[in-house]
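When reading the values below, keep in mind they use all heavy atoms of this one structure, side chains included, and skip hydrogens, waters and symmetry mates. Treat the numbers as computed from the prediction; the structure is a model and nothing was measured. Reminder, nothing fancy here: chain letters follow the sequence lines and each chain counts from 1.
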Amino acid sequence: MPGEDYASPTATILCLDGKQSRSPATPLPVTDVSSNLALRLSRISKHFGPLRANEAISFDLMRGEVIALLGENGAGKTTLMNILFGHYVADEGTVETFGKPLPPGDPRAALDAGIGMVHQHFTLADNMTVQENITLGTQSLWRMRLDRAAARRRIEQLSADFGLAVDPAATVSTLSVGERQRVEILKALYREARILILDEPTAVLTPAETDALFRTLKLLVAQGLSIIFISHKLHEVMAVSDRVLVLRSGQLVGERETGSTDRKELAALMVGQEVKPAEVSPVKLGAPLLVLERVSTPPYNGAGLDNVSLTLTAGEITGLAGVAGNGQAVLAALIAGIRRPTNGSISIAGREVADWSPRTALAHGVGRIPEDRHAIGSIGDMSVTENVIAERYRSPRFSRMGFLNWKAAGRFAEKLIADYDVKCPSPEARIRLLSGGNMQKLILGRALDPDPAIILASQPTRGLDVGAVAYVHRMLLEARGRGAAILLISEDLEEVLALSDRIIVMSKGRLSTPSSRGERSIRELGELMAGHSGEHSDHAA
Amino acid sequence: MRLEPKPAPSLAITLLFPLAAIATTLMLTSILVLAAGASPLSVFYLVAKGAAGSQFALLETLTRATPLIFTGLAIAVAFRAKLWNIGAEAQLYIGGVVTVVLGTGALPLPSAILIPVIMVAVMAAGALLLLGPAVLKTRFGVDEVVTTLLLNFIILLFVSMLLEGVLKDPMGLGWPQSQKVIAEAQLPRLIQGKRLHYGFVIALVSAVLVWVVMKKTVLGYEMRAVGHNPEGARFVGIPVNRALMKTALLSGGLAALAGFSEVSGLKGNLTLDLSPGYGYTGIVVAMLAMLNPLGVIASAIFVAGIFVGADAMSRAARVPSYIADVMVATSLLTMVVAILLTRFRIRWR
């Protein structure tokens with residue numbers, strides 16, 4: 001099992017609870033407290049029009065310390081990090097690194113000061129090699145010759161030192177998501193980053209990759225690096241950080257030593273009230289609503305479907321677990337109507353649907369929550385109103401004789417904004433300006449408002465914070481209570497376990513046999529996710 | 001240097017920036033005027049006077065603006081859906097061809113019937129001309145910039161062939177020109193004895209109609225959605241290819257009306273110099289108007305005014321009228337920069 005070799009020497013020597021325990025690795029002069037200071041933010045404020053993204057935020061980061069930055073969507077985490085990295089200029093306040101002021105609005109100065117950032121969405125050139133990506137921009141354009149051998153030796157040294165295994169000669173497009181993240185970290189280390197910012201680093205990782213990342217982080221802090229870890233997953237924050245800072249509506253609302261707090265308190269700080277886990281009522285099974293029979297498709301964002309049969313039943317949430325790229329994307333696209341099967345049939349309420357498209361899917365009562373809210377789920381440069389009517393603009397409610405009824409559309413947008421508690425300046429605002437959580441709430445409202453009989457929720461909470469996640473879960477459970485047949489596709493196993501009445505694991509384009517709630521252990525599901533299914537048992541590693 | 005997005009600009013800034021762009025244009029073109037040995041102020045005064053300083057000048061400017069409104073609208077519609085129609089010139093000429101084919105006596109109808117019939121046929125011809133590239137784009141992914149641009153040359157040679165052959169006026173003393181359209185097929189003049197004709201009114205009405213289509217109708221909504229995010233549009237069930245086809249039909253039809261209006265309202269017959277590049281200038285007009293159909297009216301009059309004014313100025317100040325091309329081109333560049341500045345803040349370093 002990949003997850004069980006925790007007993008690596010480094011991991012046992014370095015425990016995270018006592019800060020003194022890791023100072024031996026980098027002895028630092030303790031003559032002055034400020035010399036131990038890696039980063040100091042003093043009263044940082046940033047406003048976008050009426051929106052206060054950051055309001056007088058101050059904190060210190062010590063050498064060799066991991067702080068976690070927690071906060072809901074739109075709480076101001078990303079804005080704050082963008083100020084730190086020089087993408088934005090703060091309206092007020094200063095940043096100091098290692099005792100020196102950091103010039104605002106200058107990413108190069110931030111790099112020179114030793115700040116490295118690993119973005120949530122990787123910033124790698126896919127068609128170039130790992131080494132080229134890492135050294136990109138570190139050498140003068142005027143130099144005639146690049147010392148590739150030396151660069152390669154340094155990369156290999158860094159890889160070995162910090163457990164960041166990746167082949168420097170590999171092309172980035174061939175790498176897995178986890179490997180790409182390692183390249184991003186190597187890129188920062190190659191530039192001698194002393195402060196590493198990780199923005200939602202585990203959102204795209206499998207559990208095993210997450211463990212590997214945490215081992216790397218421990219090695220880094222042992223070398224005296226300081227880390228800012230942005231996450232919304234509380235158990236990870238608890239596992240990896242020394243100190244937790246909680247942001248809410250642009251303000252720093254709490255600062256806790258990780259050892260003296262718990263998940264419940266942090267969650268409450270984050271949303272401003274206690275979060276109750278979703279309560280699941282007993283299933284009231286209805287009729288089968290959507291039936292896929294022996295469906296195959298070509299590959300699309302990962303594996304294609306290979307002879308897949310699936311039945312979604314009214315009143316039930318079917319959870320689809322699996323490691324990214326095993327065919328979930330194409331299954332979601334298929335049910336959403338943007339892909340057609342090459343083989344097999346799709347039936348809704350007992351009748352086969354021949355002409356399958358987004359429109360027929362909508363007409364047959366499929367509510368769709370797509371995986372990618374920016375690229376597919378919304379049209380960023382159009383207004384909130386224009387986006388929320390997008391699936392139904394031809395209905396008599398919103399148009400007559402080819403003319404749109406903007407009044408009705410505006411009322412509908414206002415209703416969704418109120419019902420789903422969306423924070424946005426006005427229905428006329430471009431949807432691009434909304435935070436991820438608010439955008440997702442609008443997409444949820446658009447999909448759920450017509451009371452769809454079948455709901456496709458593909459990674460519905462990816463990148464969302466605790467409050468928004470709980471909200472999405474509640475809405476899905478309410479829809480289940482109304483008798484909708486729901487397919488929940490998620491890479492977050494906890495989410496699948498919490499919500500699903502029936503769990504299916506997807507691996508290499510095929511589905512496992514379903515198991516009911518609590519029937520399979522996490523370990524058994526993990527084995528299925530890794531491709532060790534009972535039916536075709538092959539004992540490859 | 002970096003660009004940082006700004007929140008939505010205020011109305012004042014939206015109005016102020018185009019004016020600043022025009023001021024910058026004048027300053028930049030002053031350099032060339034000085035190089036030509038003339039005083040910038042007097043040259044600009046002469047241009048303004050030549051464009052709008054008298055009833056004659058103003059009517060001439062509006063006459064010249066008429067085809068630009070049509071081609072500008074054609075481009076604005078197409079670009080909004082990110083259909084890059086560079087072929088308005090060809091569509092304009094096809095409009096001219098259909099006008100003389102139907103308007104030189106083939107259909108003996110009264111004016112009230114004949115003119116609408118010709119307009120419908122003209123629009124259909126322009127629409128079909130752009131449909132080809134649109135089908136190639138949606139079916140096979142062929143770049144419409146290339147196909148529409150190259151079609152301009154093909155159509156111009158085709159028109160040349162017609163004017164040397166079947167459409168050649170037997171009484172034309174051997175010139176490559178068509179017969180005159182009959183009186184019933186002519187658009188009347190707006191003012192007796194002046195060149196401004198009802199084509200200008202049709203252009204204004206078209207602009208308003210296009211504005212209504214873009215703002216108020218399902219079609220306009222689909223076109224904008226497809227232009228902003230085709231993948232997203234497809235996901236929500238908008239028929240992307242069909243919307244692009246409709247865009248192509250509308251755009252091609254509008255551009256062809258420019259040819260109809262020039263032949264039927266102004267020239268009377270078809271020649272190879274029907275358009276001094278109205279199809280290409282339409283791109284400038286549409287961009288200056290930020291693809292807003294009503295803005296197209298203003299920007300077409302602005303561009304036409306510079307051309308008309310520069311002609312008058314060059315007679316008086318001996319600065320070549322090419323300065324008009326420079327002014328229009330520079331104003332496009334400054335306008336693009338102005339639009340950029342309303343949406344982004346520039347950070348040096």
Q: Please flag which part of A:Arg339 lies under 4.5 Å from any non-hydrogen atom of chain B: side chain, backbone, both or neither.
A: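 Contact with chain B: side chain only.
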
Q: Given a strict heavy-atom distance threshold of 4.5 Å, which part of B:Pro230 is in contact with chain A: side chain, backbone, both, or neither?
A: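 For B:Pro230, no heavy atom lies under 4.5 Å from chain A.
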
Q: Using a cut-off of under 4.5 Å for heavy-atom pairs, which of B:Asn229, B:Val236, B:Val213, B:Leu219 has the most such pairs with chain A?
A: B:Val236

Q: Show your reasoning for whether side chain to side chain contact (heavy atoms under 4.5 Å, CB included) applies to A:Met382 and B:Tyr221.
A: CA-CA 10 Å; A:Met382 290 177 87; B:Tyr221 174 77; 3.9 Å; yes

Q: Measure A:Arg108 against the heavy atoms of chain B and call it side chain, backbone, both or neither at under 4.5 Å.
A: neither

Q: Would you say that B:Ile238 contacts A:Tyr393 through its side chain, given a criterion of any heavy-atom pair below 4.5 Å between the two side chains?
A: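 Contact flag for B:Ile238/A:Tyr393 side chains = yes.
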
Q: If you take all heavy atoms of A:Glu391 and B:Phe235, which pair is closest and at what distance?
A: OE2-CE2, 4.1 Å

Q: I'd like to know which of A:His374, A:Arg368, A:Arg392, A:Met401 tops the heavy-atom pair count under 4.5 Å against chain B.
A: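 Of A:His374, A:Arg368, A:Arg392, A:Met401, A:Arg368 has the most heavy-atom pairs under 4.5 Å with chain B.
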
Q: Would you call B:Val212 and A:Phe403 a side-chain contact if the rule is heavy atoms closer than 4.5 Å?
A: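 SC-SC contact between B:Val212 and A:Phe403 confirmed.
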
Q: So how far is it from A:Ile379 CD1 to B:Arg224 CZ, rounded to the nearest 0.5 Å?
A: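 Answer rounded to 0.5 Å: 10.0 Å.
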
Q: Kindly check if the number of other-residue, nucleotide or ligand heavy atoms within 6.0 Å of CZ (B:Arg242) is above 12?
A: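 No, because the 6.0 Å sphere around CZ of B:Arg242 holds 12 heavy atoms or fewer from other groups.
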
Q: Which atoms of A:Leu404 are under 4.5 Å from chain B, going by heavy atoms: the side chain, the backbone, both sets, or neither?
A: both

Q: Once you round to the nearest 0.5 Å, how far does NE2 of B:His228 lie from CZ of A:Arg432?
A: 9.0 Å

Q: Let's test your reading of the structure: which of A:Ser399, A:Ala336, A:Ala375 forms the most heavy-atom pairs below 4.5 Å with chain B?
A: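 The residue among A:Ser399, A:Ala336, A:Ala375 with the greatest pair count is A:Ala375.
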
Q: Under 6.0 Å from the OH atom of B:Tyr198, do we count more than 12 heavy atoms belonging to anything else shown?
A: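 Count not over threshold, so no.
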
Q: Based on non-hydrogen pairs under 4.5 Å, which of A:Ser378, A:Pro370, A:Ala333 is most in contact with chain B?
A: A:Pro370

Q: How long is the span from the OG atom in A:Ser357 to the CZ atom in B:Arg234, to the nearest 0.5 Å?
A: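 Reported to 0.5 Å precision, the distance equals 10.0 Å.
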
Q: Should the heavy atoms of other residues, nucleotides or ligands under 6.0 Å from CZ of A:Arg397 be counted, would the total exceed 12?
A: yes

Q: Heavy-atom distance under 4.5 Å to chain B: side chain of A:Arg446, backbone, both or neither?
A: side chain

